[in-house]
Amino acid sequence: MQNLLLSYYGDDLTGSTDVMEALELGGVQTVLFMRQPDEAQLSRFSHCQAIGLAGTSRSETPHWMDTHLKDAFAWLKTLNAAICHYKICSTFDSSPITGSIGRAIEIGREVFSQDSVPLLVGAPQLKRYTAFGHLFAAYRDQYFRIDRHPVMSRHPTTPMDESDLLIHLSRQTGLASGLLDLATLQSASRSQAFDRLVENGAAIVLVDVDSRETQALAGKEIWRIRKQGGSFVVGSSGIEYALLAEWASNDIVATGPGFTPPGAADRIAVVSGSCSPTTERQIRHALGDGFDGIEVDPVELVSEASAQAITRAAASGRASLQAGRSVILFTALGPAADRGAEIDRQEGARHKLGRGLGELLRALTIEQKLRRVVIAGGDTSSHALGQMGIDALTVRMPLPASPGSPLCVAHSRIAAIDGLEVALKGGQVGTDRYFSAIRDGLGG
C-alpha cells in the first residue's frame, strides 16, 4: 500500500464503521478488514487511502490486549500510514478491567516508540463535546455531562461515573497526562502550549473539542506533530473529522461525487443484542411498521442449549421471511429486560451471545438469499459479524440522519455473503425509524 493517510483499529465494529463513514464522506476511500488481510486481499483495495482493522477490545481485558492489541498495532505500523488511530467510543466508556483505554494507550505508545500520545474525544457531528477536560453527550435532543447521562452513566458493563476524562483515565494507567483546553487551543500559542505539555512529561495530551471550529484546530495540531513512519493517536471518530478539515484546507483530499441511494429491500433481517432504550424505541417502531419480532432468550443462547435456541429462532425467522416480512430477532427490549447479571455468571458469555446471533443471521441470510441485514449493539456487532464469513467492508451509503452507522457492502469468499448490504448500529445510534429506514433504503 502506498501513501496511506491513515490506518486504524476500531475497538468495536460499529465504531470501526463510524470511522469508515467519516473518511468516505470526506473523500478518503477506505476499507475495513475483519482480520489482518493477506497480500491478495490488500492488493484488491490498493486504491484506498485508509485501512481499518475491526476489533473487539472495547469488551476485552487488559490481559487480552497485551497479546492481541499489541499484534494488531504492530501490523498497522507496517503499513506506514501518516497517522495510526486507535478508535474508541465517543462516550469514553471503559474501565480498568474492561476495554481499558489506558492500557491500549500504553501498548500503542510502546509499539510506536512514542513519548506522547494525542487524545481527542469530542465529535460535534455525533453530539459529543469536551470542555476543559469534561465530556458531554446528547440524549434525545438534550445535553448531559457524561456522568449524568441517562444511559451512559448506567451502562451495564462500563458505567461512566466521572466526566473529567483524565481522572477517569488515571484509574486505567499510571501515565502522566495533560490537557490542551479550549481557551489555549483557540489562542495564538496553541502549538507552543502543546509542545510544552509534552516537554513537561505528559505521555497523554487530551485536546478539547466543543465545535467544528475547535475540531479543525485540533486537526492542525495532530497533523503538525506527526512523525515519519506514522504517529499513534487515540480518540473517537472526531479524529477523522479533525484531520479531514486539515486535509481539505491543504488540498490533500477532495470530496467525491456522493452516493447513490440503494433503494428499498423486499425484506431484511435484524439481530439485536442491545439493551439500550434507543434500540428499544427502534424495535417498537419497527414492530408497528410491518416487522415481525422474535424474542431470543439470551441466557439460553449462551448455555449448553444454545444450538437448540438458534435452531428455534431460525425457524421463526424463516417463517416470517418466507411470508415476505422483515424480521427482528432480539435478546432484550430495553434496559428493563437486561439479563446481564444472569449472563455474566458464565465466563465469556457476552461474546458467546454475539456469536450466537451472528450464527443465526448467517443461516437466515444464506438460506433466504437476503441482500440486506442489520446488527444492533456495539459489542454484539463485533462478535456477530465474525460468524458471517465476511473479510472486509466498504461503505455503500452514509445515513445522514444516523451518523456513525452507514450501510456497508460485505466482501467475502462465500458467494452468498459477497455483496451483502450490512448496517451495524451501536446501541445509542439512530432515530426511532432506523430499522424501517434501512429496509426502505432511506437515510435513517
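If you're wondering where the values come from, they're calculated on a predicted model, not measured in any experiment.
- One N or O on the side chain of Arg226 and one on the backbone of Trp223 form a donor-acceptor pair closer than 3.5 Å.
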Margin query: Is there a side-chain contact (heavy atoms from CB on, under 4.5 Å) between Phe92 and Met152? Walk through the geometry before answering.
Written below: CA-CA 9 Å; Phe92 213 74; Met152 299 316 301; over 6 Å; no
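- Taking CD1 from Ile239 and CG from Leu23, the interatomic distance works out to 11.5 Å, rounded to the nearest 0.5 Å.
- Side chain of Ser100 to backbone of Ile97: no donor-acceptor contact under 3.5 angstrom is found.
- Side-chain contact, Arg128 with Ser90: a donor N or O sits under 3.5 Å from an acceptor N or O.
- If you take CZ on Arg281 and NE2 on His285, they are separated by 11.5 Å, rounding to the nearest 0.5 Å.
- Between Arg58 and Asp11, no side-chain nitrogen of the basic residue sits less than 4.0 Å from a carboxylate oxygen of the acidic one, so the salt-bridge criterion is not met.
- Once rounded to the nearest 0.5 Å, the distance linking CE of Met388 with CZ of Arg362 reads 8.0 Å.
- Between the side chain of Lys425 and the backbone N or O of Val429 there is at least one donor-acceptor pair closer than 3.5 Å.
- Taken to the nearest 0.5 Å, the CG atom of Leu206 stands 8.5 Å off from the CG atom of Leu180.
- Side-chain atoms of Ser306 and Glu300 form no donor-acceptor pair, as typed in the model, at a separation below 3.5 Å.
- Taking the charged nitrogens against the carboxylate oxygens, Lys87 and Glu240 have no contact shorter than 4.0 Å, which rules out a salt bridge.
- Between Phe330 and Val296, the closest side-chain pair of non-hydrogen atoms is not below 4.5 Å.
- Under the 3.5 Å distance criterion, with hydrogens and angles disregarded, no donor-acceptor pair is assigned to the side chains of Thr17 and Thr14.
- A salt bridge does not link Asp432 to Arg284: none of the charged nitrogens lies less than 4.0 Å from a carboxylate oxygen.
- For Lys220 against Glu246, the heavy-atom pair with the smallest separation is CG-OE1, 2.9 Å.
- Between Phe45 and His411, the ring center distance clears the sub-6.0 Å criterion.
- Side-chain atoms of Asp289 and Ser436 include a donor-acceptor pair closer than 3.5 Å.
- At distances below 3.5 Å, at least one donor-acceptor pair connects side-chain atoms of Gln114 with backbone N or O atoms of Phe232.
- Distance alone, capped at 3.5 Å, places no donor-acceptor pair between the His168 side chain and the Asp93 backbone.
- Atom CZ of Arg44 is surrounded by more than 12 heavy atoms from other residues, nucleotides or ligands within 6.0 Å.
- Put simply, the side chain of Val374 reaches to within 4.5 Å of the side chain of Phe435, judged on heavy atoms.
- Between the side chains of Tyr86 and Ser57, at least one donor-acceptor pair of N or O atoms lies under 3.5 Å.
- Two residues are said to be in side-chain contact when any heavy atoms from C-beta on lie closer than 4.5 Å; Leu6 and Gln49 fail this criterion.
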Margin query: For a side chain to side chain donor-acceptor pair (under 3.5 Å) check, start with the C-alpha distance between Ser94 and Gln172, then their side-chain angles and the critical distance, and finish with the verdict.
Written below: CA-CA 9 Å; Ser94 53; Gln172 303 172 20; 3.0 Å; yes
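- Side-chain atoms of Ser189 do not come within 3.5 Å of backbone N or O of Gln192 as any donor-acceptor pair.
- In this view, Ala245 and Ala216 satisfy the side-chain contact (heavy atoms from CB on, under 4.5 Å) rule, not counting sequence neighbours.
- For the pair Tyr434 and Thr279, the minimum side-chain heavy-atom distance is 4.5 Å or more.
- Using a distance-only test at 3.5 Å, with no hydrogens or angles considered, a donor-acceptor pair links the side chain of Gln282 to the main chain of Gly430.
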Check: Can Val270 and Val373 be said to form a side-chain contact (heavy atoms from CB on, under 4.5 Å), step by step?
Finding: CA-CA 6 Å; Val270 179; Val373 299; over 6 Å; no
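- Residues Arg148 and Ser153 fail the side-chain proximity criterion, which asks for heavy atoms closer than 4.5 Å.
- The aromatic rings of His68 and Trp64 sit parallel to each other, their planes meeting at less than 30°, with 60° as the upper class boundary.
- The OG1 atom of Thr130 lies 10.0 Å from the CG atom of Leu166; values are rounded to the nearest 0.5 Å.
- A donor-acceptor distance shorter than 3.5 angstrom exists from the side chain of Asp297 to the backbone of Val299, with no hydrogens or angles considered.
- Note: Tyr139 and His149 meet the aromatic proximity criterion, with ring centroids under 6.0 Å apart.
- Between Asp208 and Val121, every side-chain heavy-atom pair lies at or beyond the 4.5 Å cut-off.
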Next item on the list: Test salt bridge (charged side-chain N to carboxylate O under 4.0 Å, His left out) on Arg224 and Glu221 and set out the steps.
Entry: CA-CA 5 Å; Arg224 177 184 70 85; Glu221 288 306 302; 2.9 Å; yes
Notebook entry, point to check: Is there a side-chain contact (heavy atoms from CB on, under 4.5 Å) between Ile268 and Phe291 once you walk through the steps?
Noted result: CA-CA 9 Å; Ile268 69 170; Phe291 281 74; 3.9 Å; yes
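- Thr30 and Glu24 are not linked by any side-chain donor-acceptor pair at a separation below 3.5 angstrom, with hydrogens and angles left out of the test.
- Taking each heavy atom of Leu120 and Gly238 in turn, the nearest pair found is CD2-C, 3.6 Å.
- Side chain of Arg396 to backbone of Thr260: a donor-acceptor contact under 3.5 angstrom is found.
- In terms of heavy atoms, Asp161 sits closest to Arg171 at OD1-NH1, 2.9 Å.
- In this model, no donor atom of one side chain and acceptor atom of the other lie less than 3.5 Å apart for Ser272 and Ser274.
- We find the CH2-OG distance between Trp75 and Ser7 to be 8.0 Å, quoted to the nearest 0.5 Å.
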Check: For Ser412 and Asp391, what are the C-alpha separation, side-chain angles and deciding distance, and is it a side chain to side chain donor-acceptor pair (under 3.5 Å)?
Finding: CA-CA 5 Å; Ser412 174; Asp391 298 319; 4.9 Å; no
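- At least one donor-acceptor pair closer than 3.5 Å links the side chain of Thr214 to the backbone N or O of Ser211.
- Leu32 has its side chain out of reach of Thr394: every pair of non-hydrogen atoms, C-beta onward, lies at least 4.5 Å apart.
- In plain terms, the two heavy atoms of Ser231 and Ile225 that are nearest each other are OG-O, 3.9 Å.
- When all heavy atoms of Arg190 and Thr184 are compared, the pair lying nearest together is CB-O, 3.4 Å.
- The shortest heavy-atom contact between Val205 and Val198 is CG2-CG2, 4.2 Å.
- A donor-acceptor pair shorter than 3.5 Å can be found between the side chains of Gln125 and Gln215.
- Counting heavy atoms from C-beta outward, Lys127 and Asp141 have side chains that approach closer than 4.5 Å.
- With salt bridges taken as basic N to acidic carboxylate O contacts below 4.0 Å, none links Asp115 and Arg109.
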Notebook entry, point to check: Checking side-chain contact (heavy atoms from CB on, under 4.5 Å) for the pair His383/Lys352: CA distance, chi angles, key distance, verdict?
Noted result: CA-CA 8 Å; His383 298 286; Lys352 187 176 180 180; over 6 Å; no
